[in-house]
Amino acid sequence: MYDENKHDEYEDQNHETYSNYTENPDPMSDHTSSENSGFDESKSSNFASQETESQQTSGSNHNHKSSKASKKLARKTAGIVAAAVLFGAVSGGVMTGVSYIGERYTKIPAVSTTLGQSNGSTANGATSIPVSNTVMDVSDVVEKAMPSVVAINDTMTVQQYGIFGLPETYQAKSSGSGIIIDKTDSELLIATNNHVVSGASDLTVTFSDDNTASAAVKGTDSATDLAVIAVKLSDISSDTLSKIKVATLGDSDNLKAGQQVIAIGNALGYGQSVTVGYVSALNREISDNNGVSHTYIQTDAAINPGNSGGALIDLNGNVIGINAAKTSSTDVEGIGYAIPISKAGEILDNLKTKQTREVLDESAQGFLGIQGTNIDANASKAYGMPVGIYVYKILDDGAAASSDLKEKDIITKFDGQSVTTMDELKEMLTYYKSGSTVTLTVQSLTDGTYQEHDVTVTLGSRPSDNNS
């Protein structure tokens, strides 16, 4: 409730502080401009005069009371307006000061939010920050992408060293994921990780409708951890063929940190599952178990064992990465990696052209005729040598003896596919017949530097020992 006497006291106390106040106790004269207060003094006087004239028939005493009441009403009205303007001025000044101090000492500019503007700036010239709505329901995107993703299960030959340092091998079941990237007249081609199919002897693929089919390796590239496997169309039912589709590959070069992504894969071998997250970082350099460095997309979308080879997709359903690995420890949470699809595209295109592999009888398998040792990433850094297979001996009766391959050369590719270990080279040879001609990519030491070139070799017959 407005108190006229208190207003006068407040006015007297604050006269020195606020220059727009005077010693005149009449609130009608408090503001320097009637335009600012919204109150017209002349109109008030005319109104009071008209009221006095109209009340003359009621007697002089009544006229006096009416005039006094009108003035009192006008005085109260002006006082309320003055108080409101004063409050607005003080509060506005305080907020401006707070904003200035905050910006000065925190170095964070004040942000002005204006509703209803779409031109990217606020009324006072400050740039507004557009905020995208988080997509909570991705079921439509998943429904579109799921028919392009498969589960991969296989039996792998695992080699490890026993307590006496002797190598031991055993068979183990493993699982992974894959992405349908192409269909030819006779085959369905599926991209996955090399480590998913390396050493596999019994590959099967499960489609989105839970039907399965046998698969075979078409091409592998250990340096990039990529592989392509193939399923014969004749082994897939017409009903399944009508439900699956080739994935739409996106452009990972245009990704930004903070972009929402979806991971689809055969987590823990239980079948297809979906996790959602964001791009945490780009161009992450991570080394694998062999010390070979790879460039990944980092994401907080859960990538669990079995997700390897599966799809990382954007909100348009486009594949922007091939899930590859996760960081697992008690100190790490929410870090997974995917191979950028733009970097994988050229390699996958090359692997698709390879002849689908079928393991041959040992009597039919090709033989290179070398003895070699592995140059891993650590040895590469220590000795300045390329990662690959160091040829320390060429057998006199082997196929390599009749080629341009030399001792001390380092083999990095076999038939256009990266190889980094002798085990990988031996496995590769199990799919090539003796008498077939292959191209080796090698690094040769010339004038103190390694230079890359190709060597053509016609494979011989495979002996019974462990040489290649």
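For the atom pair Gln417 CD and Leu425 CG, the distance stands at 11.5 Å (nearest 0.5 Å). To the nearest 0.5 angstrom, Leu268 atom CG is 8.0 Å from Asn307 atom CG. With rounding to the nearest 0.5 angstrom, the OG1 atom of Thr299 is 8.0 Å from the CD1 atom of Ile320. In this structure, CG on Leu368 lies 6.5 Å from CG on Leu459, to the nearest 0.5 angstrom. To the nearest 0.5 angstrom, Gln371 atom CD is 4.5 Å from Tyr392 atom OH. A distance of 9.5 Å separates CG in Asp209 from OG1 in Thr212, rounded to the nearest 0.5 Å.
Between Asp239 and Lys243 there is a salt bridge, since a side-chain N of the basic residue sits under 4.0 Å from a carboxylate O of the acidic one.
Under 3.5 Å, the side chains of Asp423 and Thr421 contain no donor-acceptor pair of N or O atoms. For the residue pair Ser418 and Asp221, a side-chain donor N or O sits within less than 3.5 Å of a side-chain acceptor on the partner. Side-chain N/O atoms of Ser177 and Asn266 include no donor and acceptor closer than 3.5 Å. Side-chain contact check for Glu424 and Ser222: at least one donor-acceptor pair (N or O, by modelled atom type) lies under 3.5 Å. Checked by atom type, the side-chain pair Ser208/Gln272 shows no donor-acceptor distance below 3.5 Å. For the residue pair Tyr432 and Asp415, a side-chain donor N or O sits within less than 3.5 Å of a side-chain acceptor on the partner. Donor-acceptor pairing under 3.5 Å is lacking for the side chains of Asn153 and Thr204. In this structure, a donor-acceptor pair under 3.5 Å is absent between the side chains of Arg357 and Thr430. A donor-acceptor contact under 3.5 angstrom links the side chains of Ser174 and Asp154, judged on distance only.
The two residues Ile375 and Ser380 come nearest to each other via the heavy atoms CG2-N, 4.0 Å. Considering every non-hydrogen atom in both Tyr431 and Val359, the closest pair reads CE2-CG2, 3.3 Å. Minimum interatomic distance between Ser436 and Lys433 (heavy atoms only, all atoms of both residues): OG-O, 2.6 Å.
Listed by first and then second residue, the side chain to side chain donor-acceptor pair (under 3.5 Å) pairs involving residues 180-193 are Asp182-Lys352, Glu187-Lys218, Glu187-Thr356 (not counting sequence neighbours). Within the structure, side chain to side chain donor-acceptor pair (under 3.5 Å) contacts touching residues 400-413 (residues at least two apart or in different chains) are Asp409-Ser444.
Looking at heavy atoms from C-beta onward, Leu395 lies out of side-chain contact with Ile370 at the 4.5 angstrom threshold. Side chains of Val279 and Lys256 form no contact here, defined as non-hydrogen atoms less than 4.5 Å apart.
Annotation: side chain to side chain donor-acceptor pair (under 3.5 Å) contacts of Asp210 (sequence neighbours excluded): none.
Other residues, nucleotides and ligands contribute more than 12 heavy atoms inside 6.0 Å of the CD atom of Glu452. The 12-atom threshold is not exceeded at CD of Glu143, counting heavy atoms of other residues, nucleotides or ligands nearer than 6.0 Å. The number of heavy-atom neighbours closer than 6.0 Å to CD of Glu346, taken from other residues, nucleotides and ligands shown, is 12 or below.
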